[in-house]
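Read the structure below first, then the notes.
Side chains included, hydrogens not; waters and symmetry mates left out as well; all remaining heavy atoms used. Small disclaimer: the values here were computed from a predicted structure and weren't measured. A, B, ... follow the sequence lines: proteins, then strands. Residue 1 opens every chain.
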Amino acid sequence: FFFFFFSFFYIWIENHETKRDASQEVSEHDSKIEDESCDLNYNIVSILQEMQRIYELMGDNWREFAYKRACGIVKMFPKKIETEADVALLLKTKGFSKKLGAKVLEIIQTGQLKKLNELKKLPQIEASNLFMGIWNQTSLCGNRGVGHQTVTQWYRLGYRTLDDVREKAALNERQKIGLKYYDDLRAKIPRCEVEEIEHFVKKEVMKIESECALVTCGSYRRGKAESGDVDLLITHPRAKKIVGLLEKIVDQLNKAGFLKDHFSLPSHKNKHAVDHHDTYMGICKLPDTADGRVYKYCRHLDIKVFPPAAFPFALLYFTGSDHFNRSMRYFAKKKGYTLSSYQLAPAIRLNNHKTHTGQPILCSSEEQVFEVLGLKYVKPCDRNNHEYFEFS
DNA sequence: TGGCCGTACTG
DNA sequence: CAGTAC
DNA sequence: GCCA
């Protein structure tokens with residue numbers, strides 16, 4: 001009884017606190033000049049972003065990784081970069097070295113980057129870029145199950161337009177849905193609509209299990225004004241209630257006519273594992289309201305159900321950003337742990353290969369995960385970029 | 001020179 | 001297993 | 001791409 005009570009209590013606190021810092025994040029966020037559109041170094045960032053996307057479609061994930069990190073570093077730079085001295089300052093940042101420095105220098109001197117112009121001329125890039133533009137828009141927009149291999153394949157098969165793909169390509173479920181909701185999924189979701197979606201789901205979930213705690217993660221929790229999708233994390237104070245919960249929730253949302261299509265439904269694997277968790281990914285649309293509010297777009301909705309013990313780790317993971325998570329996991333690894341979306345545990349590795357995972361370390365909050373790793377807590381609104389976590 | 005997160009789902 | 005997403 |  002005490003355990004249940006305690007679990008419930010801490011989740012209530014979590015939920016409560018999340019709400020509270022979310023509102024703080026927004027006000028902090030609004031006071032900053034945060035939006036990419038009015039960025040100080042817009043030109044540099046957009047060129048580096050194009051480089052990132054080109055390497056992405058070439059399948060060079062590590063250059064893609066490096067360029068994405070570099071974009072974040074330039075975005076964070078406090079002033080407009082216009083002199084060699086500014087570039088020298090940039091070079092002091094880890095993850096930003098001489099080759100990137102030379103490129104930034106070229107951009108501030110000539111306004112463009114020769115390397116980029118050359119790469120864009122390559123026929124395979126030119127054609128693939130068409131698809132990447134179609135399917136990937138920007139890295140923030142979310143993918144549709146189409147990566148560089150698929151794009152290359154389509155190019156080889158002679159497809160050149162969206163209609164070619166529509167008519168000739170053998171698409172999997174994920175890709176069909178991506179095509180079906182093409183315009184909708186490109187559109188960003190305003191913060192207020194994310195909240196309305198959360199509210200709708202919460203209302204339906206409460207009909208099934210009133211003790212559930214529900215938190216919206218992703219870029220929303222990081223305080224962004226717009227999101228690419230809605231990422232809902234759900235738990236229940238009693239671990240036993242987790243099993244099969246997501247199926248019930250999906251059923252309920254289906255009955256309410258809220259879900260329009262499914263990417264992936266809750267799986268039945270590992271149902272009885274202690275760390276059992278479930279994922280739903282699909283398309284939803286808010287119903288028109290009585291007072292005449294009409295929602296134009298279908299939205300990408302992810303729902304994850306985790307047991308209480310895994311909740312802090314899930315919260316940490318699904319709040320992102322992707323690069324922030326990778327930094328943190330990398331640090332955990334260097335410290336001899338392994339960090340995942342459901343646990344933190346000591347790990348033994350041979351040749352960088354995990355051979356044994358120790359007893360998981362219990363954490364009852366996100367803060368505690370940072371603490372165990374010997375890191376200072378990072379607020380969600382400060383998790384937008386790659387970081388270098390250092391040993392203290 | 002080798003590592004750059006760790007895991008889950010689809011087909 | 002490869003490819004993709006989170 | 002960058003870093004150790």
[X] [atom1] - [N] [atom2] separation (whole Å):
X      : N     : atom1 : atom2 : result
A:M281 : B:dT7 : CE    : C1'   : 13 Å
A:R222 : C:dC6 : CZ    : C1'   : 12 Å
A:Y55  : B:dC4 : OH    : P     : 22 Å
A:L344 : B:dT7 : CG    : C1'   : 16 Å
A:I177 : B:dC9 : CD1   : P     : 16 Å
A:N172 : C:dA5 : CG    : P     : 10 Å
A:D278 : B:dA8 : CG    : C1'   : 11 Å
A:L316 : B:dG6 : CG    : P     : 14 Å

Under 4.0 Å: is that the gap between some side-chain N or O of [X] and OP1 or OP2 of [N]?
X      : N     : answer
A:R329 : B:dG3 : no
A:Y330 : B:dC5 : no
A:H323 : B:dC4 : no
A:N352 : B:dC4 : yes
A:R349 : B:dG3 : no
A:K334 : D:dA4 : no
A:K99  : D:dC2 : no
A:K354 : B:dT7 : yes

Side chain of [X]: nearest nucleotide among [options]?
X      : options             : value
A:R69  : D:dG1, B:dG6, C:dG3 : D:dG1
A:S97  : D:dG1, B:dC5, D:dC2 : D:dC2
A:L100 : C:dC6, B:dC5, D:dG1 : D:dG1
A:Y67  : D:dG1, B:dC4, C:dT4 : D:dG1
A:K94  : B:dG6, D:dG1, D:dA4 : D:dA4
A:Y317 : D:dG1, B:dG6, C:dA5 : B:dG6

| Less than 5.5 Å between centroids and less than 30° between ring planes, does A:W62 satisfy that with B:dC4? | yes

| request: Using the P atom on both, measure D:dA4 against B:dC5 and round to a whole Å. | output: 15 Å

| task | List the atom of A:H148, the atom of A:E56, and the distance in Å for their closest heavy-atom pair. | result | CB-O, 3.4 Å

[Y] six-ring centre to [X] NZ/CZ under 6.0 Å and within 45° of normal:
X      : Y      : result
A:K304 : A:F318 : yes
A:R191 : A:Y220 : yes
A:K333 : A:Y330 : no

Just to be sure I understand the rule, does [X] reach a base, reach only the sugar-phosphate, or reach nothing, if contact means heavy atoms closer than 4.0 Å?
X      : value
A:K304 : sugar-phosphate
A:Y337 : nothing
A:S327 : nothing
A:S264 : sugar-phosphate
A:E64  : nothing
A:D302 : sugar-phosphate

| note | Comparing A:F65 with A:T279, nearest DNA chain B nucleotide closer to 5' gives the residue A:F65

| With A:Y317, which residues qualify under side-chain hydrogen bond (donor to acceptor under 3.5 Å, both in side chains), at least two apart? | none

| query | What pairs of residues pass the ring-ring contact (aromatic ring centres under 6.0 Å, His included) test when at least one of them lies in residues 53-90 of chain A, not counting sequence neighbours? | reply | A:Y55-A:Y67, A:W62-A:F65, A:F65-A:H323, A:F65-A:H386

| message | Let's go through A:Y377 and A:F370 carefully: what are the C-alpha distance in whole Å and the side-chain angles of both, what is the deciding distance for ring-ring contact (aromatic ring centres under 6.0 Å, His included) to 0.1 Å, and is it a yes or a no? | response | CA-CA 6 Å; A:Y377 180 66; A:F370 284 89; 5.2 Å; yes

